[in-house]
A.B. asks: 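Have a look at the structure that comes next, please.
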2 protein chains.
Amino acid sequence: MTSREPRPGKSERRTDALSKERIVEAAIEILDAEGESGLTFRALAARLSTGSGAIYHHVANKNDLLTAATDEIVERVLSGVARYGQPREVIRVVALGMFDAIDVHPWVGTHLTSEPRQLALPQVLEGLGGPLRALGVPDHAQFDCASALLNYVLGVGGQNAAHARVHAGVGDRATFLASIVARWTQLDPERYPFVHKMATRLREHDDREQFLAGIDLILAGIESVSRTGETAVLPDP
Amino acid sequence: MTSREPRPGKSERRTDALSKERIVEAAIEILDAEGESGLTFRALAARLSTGSGAIYHHVANKNDLLTAATDEIVERVLSGVARYGQPREVIRVVALGMFDAIDVHPWVGTHLTSEPRQLALPQVLEGLGGPLRALGVPDHAQFDCASALLNYVLGVGGQNAAHARVHAGVGDRATFLASIVARWTQLDPERYPFVHKMATRLREHDDREQFLAGIDLILAGIESVSRTGETAVLPDP
DNA sequence: ACCTGAACACCGTTCAAGT
DNA sequence: ACCTGAACACCGTTCAAGT
């Protein structure tokens, strides 16, 4: 519980003065280790060997801190992702990068959908939407296509973050999934036939593969829009 | 600030004893009127003219209360939705029902993605996935298709909830969107060419139409999977 | 200018005491 | 059995006082 010494340098000045970068870095470490509920200004101040009020000299409030931490993770992920190559492959790599990042940092999946003004959102949008032109998607359809991809990625991310949050408290992932399957199979089979059919598949499915299958599904839809023109689904004539 | 009289009936017993239904109903009213931050056990107790501890006799905790409120809204929406007709139309109506519900009750969009054990999730899954068989989607692909639709709906819902939360505090929707457009156009046009192209469209777009365009995109992808078989996107042979 | 940490205004939740 | 509301153990945030 005692705070570690901040490097035993000369005593002229603390060599590691507080800065937004150091605060964000410490916040990320706490978030990864303890989850969202572990990040308090008191815990953060203790880890930085300072008073909780000091943090407010570098960060406006907790929301600002979470936004900065989320932006930092997304920046790292997307800067390490190839932007050349087949457009379809770039989209898949960007999407998978976000999926894996949220797998490692579940809190990113939560905050990404809760603060629409953060930089991370246009960054992901650029990564998913940029390749659309090269894919042959007409100008007027690009917004809809990019937004579908983005919202799907955000949906899965939020869901995975919620899963991680829950089975952080209650045992491991397998027992957590089993508890959901059990709940689903208790539902009335007359009213929920589809859910019953899917329940077993839920237990044995691979999150990452299924995520990619969804991306491929949307990509197939995008291809079909690009071919047929204006609307994705034409009413039967 | 004085609490309203609970109906001046005879004094044998309070005619309106506390119950989970009454608590959930009051919680929904507070959530709709004041937003998520307005729902506190003190505010809820005051509205129900009782002590805050009394609520715990009918509800396990705040998460349980929010789950019950979310389930209630989703139950209302989906029970009022047609289950017959063209399968594609059923999917669109279920999706639009969720979209509109989250538009009216933004907190539903938040809680739907934060509690994976709630009943509302399999309910929406049934509504979106049930019609897939009639659409001609092969058995082994139905899980991926339904999950893509569900995650897209959850993504948009979470995003819209976040928008509502922000522009509840800061003026109306138009100025909120304008502030996002302003932020996006300040980004480096070299690094974010796509975001720049989309920024103007963001201001003039219709949320509901765009939501439906995304559903249609995924439906087009589903059609294409059903036609071509196993994989959505075939590698060029 | 930056840091400190006590103080303030809240929360969710518990629990002895009432009916 | 159900309700009451004070008390407890936290929060985020502020701010006088220090350096």
Side-chain angles (χ1 to χ4, degrees), chain A residues 1-3 5-7 9-24 26-27 30-31 34-69 107 110-111 114-115 165-166 169, chain B residues 1-7 9-24 26-27 30-31 34-69 107 110-111 114-115 165 169:
Chain A
M1 280 298 177
T2 73
S3 50
E5 277 204 343
R7 190 187 297 182
K10 312 174 179 181
S11 58
E12 37 184 337
R13 264 269 180 194
R14 287 173 56 164
T15 63
D16 53 351
L18 272 186
S19 67
K20 184 153 183 176
E21 288 76 39
R22 281 195 62 228
I23 292 172
V24 168
I30 293 177
L31 285 163
E34 321 275 351
E36 296 167 60
S37 65
L39 182 67
T40 67
F41 275 73
R42 283 166 180 81
L44 190 56
R47 176 178 281 252
L48 292 164
S49 320
T50 184
S52 57
I55 297 165
Y56 285 89
H57 285 271
H58 302 90
V59 149
N61 50 41
K62 192 171 183 180
N63 188 60
D64 185 37
L65 175 59
L66 273 163
T67 297
W107 49 274
T110 307
H111 196 73
S114 80
E115 179 43 77
R165 208 182 309 128
V166 171
Chain B
M1 278 301 174
T2 72
S3 51
R4 214 176 311 172
E5 275 203 346
R7 192 185 297 179
K10 313 176 179 180
S11 56
E12 37 184 336
R13 264 269 177 194
R14 286 174 56 166
T15 62
D16 53 348
L18 271 186
S19 67
K20 185 154 182 176
E21 289 75 39
R22 281 194 64 227
I23 292 171
V24 167
I30 293 178
L31 285 163
E34 322 274 351
E36 295 168 62
S37 64
L39 182 66
T40 67
F41 275 73
R42 283 165 181 81
L44 190 56
R47 174 178 283 251
L48 292 165
S49 321
T50 185
S52 58
I55 297 165
Y56 286 89
H57 284 270
H58 302 91
V59 150
N61 50 39
K62 192 172 184 180
N63 187 61
D64 185 38
L65 175 59
L66 273 164
T67 297
W107 49 274
T110 307
H111 196 73
S114 79
E115 180 43 77
R165 208 181 309 128

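Note that the structure is a prediction, hence the values are computed from the model and not measured. Letters A, B, ... mirror the listed sequences (proteins, then strands); counts begin at 1.
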A.B. asks: Between residues 61-69 of chain B and DNA chain C, which residues have a heavy-atom gap below 4.0 Å?
C.D. replies: B/Asn61, B/Lys62
A.B. asks: Using whole Å, report how far CG of A/Leu44 lies from P of D/dC10.
C.D. replies: 18 Å
A.B. asks: Dot-bracket, 5' to 3', for DNA chain D please: Watson-Crick or G-U pairs under 3.5 Å, [ ] where pairs cross earlier ones, | where the partner sits on another strand, dots elsewhere.
C.D. replies: ||.|||||...|||||.||
A.B. asks: Considering non-hydrogen atoms only, spot the tightest contact between B/Ala26 and B/Leu44 and give its length.
C.D. replies: CB-CD1, 3.8 Å
A.B. asks: Excluding sequence neighbours, so at least two apart, what forms side chain to side chain donor-acceptor pair (under 3.5 Å) with B/Asn63?
C.D. replies: B/Glu115
A.B. asks: Rounded to the Å, how far apart are B/Glu36 CD and C/dC11 C1'?
C.D. replies: 16 Å
A.B. asks: To the nearest Å, give me how far apart CZ (B/Phe41) and C1' (C/dC10) are.
C.D. replies: 16 Å
A.B. asks: May I have the distance from A/Arg42 (atom CZ) to D/dG12 (atom C1'), rounded to whole angstrom?
C.D. replies: 7 Å
A.B. asks: Taking all non-hydrogen atoms of both residues into account, name the closest pair between B/Val24 and B/Ala68 and its distance.
C.D. replies: CG2-CB, 3.7 Å
A.B. asks: Mind listing the closest non-hydrogen atom pair of B/Leu65 and B/Ile23 along with its distance?
C.D. replies: CD1-CG2, 3.8 Å
A.B. asks: Going through the distances and angles, do A/Glu36 and A/Thr110 end up as a side-chain contact (heavy atoms from CB on, under 4.5 Å)?
C.D. replies: CA-CA 9 Å; A/Glu36 296 167 60; A/Thr110 307; 3.0 Å; yes
A.B. asks: Taking side chain to side chain donor-acceptor pair (under 3.5 Å) as the definition, give me every residue that meets it alongside B/Arg42, ordered by chain and number, with sequence neighbours left out.
C.D. replies: none
A.B. asks: Starting at CG of B/Leu48 and ending at P of D/dC3, how long is that distance when rounded to a whole Å?
C.D. replies: 10 Å
A.B. asks: Take atom CD1 of B/Ile55 and atom C1' of D/dG5, then tell me their distance rounded to the nearest Å.
C.D. replies: 12 Å
A.B. asks: Taking the side chain as every heavy atom from C-beta outward, state whether B/His57 and B/Leu18 have any atom pair closer than 4.5 Å.
C.D. replies: no
A.B. asks: Tell me, for nucleotides 14-19 of chain C in 5' to 3' order, what letter each nucleotide earns: B for a base near a protein heavy atom under 4.0 Å, S for only sugar-phosphate near one, - for neither?
C.D. replies: BB----
A.B. asks: Can you check whether B/His58 has a side-chain N or O nearer than 4.0 Å to OP1 or OP2 of D/dC2?
C.D. replies: no
A.B. asks: Could you list the residues that satisfy side-chain contact (heavy atoms from CB on, under 4.5 Å) with A/Ser114, not counting sequence neighbours?
C.D. replies: A/His111, B/Arg165
A.B. asks: Between B/Leu31 and B/Trp107, what is the shortest heavy-atom contact and its length?
C.D. replies: CB-NE1, 3.4 Å
A.B. asks: If I compare all heavy atoms of A/Ile55 with all of A/Ala45, which pair ends up nearest, and what's the gap?
C.D. replies: CD1-N, 3.9 Å
A.B. asks: Stepwise, does the side-chain contact (heavy atoms from CB on, under 4.5 Å) test hold for B/Asp64 with B/Lys20?
C.D. replies: CA-CA 11 Å; B/Asp64 185 38; B/Lys20 185 154 182 176; 3.6 Å; yes
